[in-house]
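Taking it in order: structure first as structure tokens, then the write-up.
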Amino acid sequence: MHVAAEYRQASLYVGDLHADVSEDLLFKKFSAVRPVLSICICRDLVTCRSLGYAYVNFLQLEDAQKALDTMNFDPIKGKSICLMWSQRDAYLRTSGIGNVFIKNLDKSIDNKTLYEHFSSFGKILSSKVMSDDHGSRCYAFVHFQNQTATDRAIQEMNGALLKDCRLFVGRFKSHKDREAKLQNKASEFTNVYIKNLGDDMDDERLRQVFSKYGKTLSVKVMTDSSGKSKGFLSFDSHEAAKKAAEEMNGKDINGQLLFVGRAQKKAERQAELKQMSEQLKQERFWQCRGAKLYIKNLDETTDDEKLRREFSSFGSISRVKVTQEER
DNA sequence: CATGAGCGA
């Protein structure tokens, strides 16, 4: 539908729409508040399924403003809609400037409460309390229109109490930024994980064994369900932890090879295991598929190892065999 | 403990 230029600025973007919401339903909902010029739910061209967002065009700017002020986060078909001014400039939406991350929210803080609290610092482009089936996940985002509002919100709300919860409020960091920081932190680890400890190990003995590398802050030996013992040990410096790992890892203790390495967070370890299992699955898949290449005209100096090296950048290789021609 | 996702006719 064509909307004349003079009405374009009275357009709201409606996000987080339930897939079953129809134009009709949206029209009823919005025109109950202010007169609506037109509605457009964006749909897949082929399947006509809703893409989960729509435009609501009003005749007057004040009408759009009124809808934005009173209807944001209203549930439709059980799902909270997310209202914003239509902003076609993708950079302004996603550059991350003015975007604030909030964590340690009280479970009872909902979208509207959050919005009300933070709109005192300046104009909000969008905000959202992250949630799942169990309700709030206790963290949120608020995207301010300008940097001063962002700075003030962080200045005043970081560390402040909201419903007995001390908030963390900081600038939003993209996945990439966060990853880099975590990597950095991981490279300066002070906690070590120790595996294959043998049977007769306890906290005190483990501390003694490792104390020569530096001051230990905490030691914990645990036994898993199969009776194997493992432990965590934290040092007061990265140097000590690093040295302990370097010197003790792989050490033969009563015929068992000790493992000593950087202690990972549970989520990190699980992610690693998952990745390993997926790689294994992938390898098996290709093995079954028998993705075999036949290569001829190799020169005489090419052996299994060289051929493997040459092809290793294309993916994991399960088997390489160079056959020698009879002379 | 936590760092999103979104722009048409």
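Not measured: the values here are computed from a predicted model.
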Euclidean distance, atom [atom1] of residue [X] to atom [atom2] of [N] [Å, nearest integer]:
X: A:Q9; N: B:dC7; atom1: CD; atom2: P; answer: 22 Å
X: A:L125; N: B:dC7; atom1: CG; atom2: C1'; answer: 14 Å
X: A:D44; N: B:dC7; atom1: CG; atom2: C1'; answer: 16 Å
X: A:D177; N: B:dG4; atom1: CG; atom2: P; answer: 10 Å
X: A:L26; N: B:dG8; atom1: CG; atom2: C1'; answer: 14 Å
X: A:L92; N: B:dC7; atom1: CG; atom2: P; answer: 14 Å
X: A:I81; N: B:dG4; atom1: CD1; atom2: P; answer: 23 Å
X: A:L167; N: B:dT3; atom1: CG; atom2: P; answer: 16 Å

Would you mind telling me which of [options] lies closest to the side-chain atoms of [X]?
X: A:F141; options: B:dG6, B:dG8, B:dT3; result: B:dT3
X: A:H143; options: B:dA9, B:dT3, B:dA5; result: B:dA5
X: A:F101; options: B:dC7, B:dT3, B:dA5; result: B:dT3
X: A:R93; options: B:dG4, B:dG6, B:dA2; result: B:dG6
X: A:Y139; options: B:dA2, B:dG6, B:dC7; result: B:dA2

Taking the six-membered ring for Trp, are A:F210 and A:Y213 parallel (under 30°), tilted (30 to 60°) or perpendicular (over 60°)? tilted

Give [X] one of three labels, base, sugar-phosphate or nothing, depending on what nucleic acid heavy atoms sit under 4.0 Å from its own.
X: A:C40; result: base
X: A:N99; result: base
X: A:H175; result: sugar-phosphate

Using the rule given for ring-ring contact (aromatic ring centres under 6.0 Å, His included), can you reason through A:F232 versus A:Y193, listing the C-alpha separation, both sets of side-chain angles and the distance that settles it, and then say yes or no? CA-CA 5 Å; A:F232 289 93; A:Y193 169 66; 5.2 Å; yes

Taking atom types as they are modelled, is there a donor-acceptor pair under 3.5 Å from the base of B:dA2 to the side chain of A:N104? yes

Assess whether one donor atom and one acceptor atom, taken from the side chain of A:N57 and the base of B:dG8, lie less than 3.5 Å apart. yes

Would you say the base of [N] stacks on [X] (centre-to-centre below 5.5 Å, plane angle below 30°)?
X: A:Y13; N: B:dC7; value: yes
X: A:Y53; N: B:dG6; value: no
X: A:F172; N: B:dG4; value: no

Applying side chain to side chain contact (heavy atoms under 4.5 Å, CB included), name anything that partners A:L257, two or more places apart in sequence or on another chain. A:D252

For A:R178 and B:dA2, is the shortest distance between a side-chain N/O and OP1 or OP2 below 4.0 Å? yes

Check the phosphate of B:dT3 against A:K173, side-chain N and O only, distance under 4.0 Å to OP1 or OP2. Yes or no? no

Pairwise side-chain contact, A:L83 with A:F30, heavy-atom cut-off 4.5 Å (strictly under): yes

Note: for A:S126 and A:L105 on DNA chain B, the residue whose nearest nucleotide lies more 5' is A:L105

Taking the six-membered ring of A:F168 as reference, does the NZ or CZ atom of A:K103 fall below 6.0 Å from its centre and within a 45° cone about the axis? yes

Tell me which one of A:E247, A:E239, A:E246 satisfies salt bridge (charged side-chain N to carboxylate O under 4.0 Å, His left out) with A:K243. A:E247

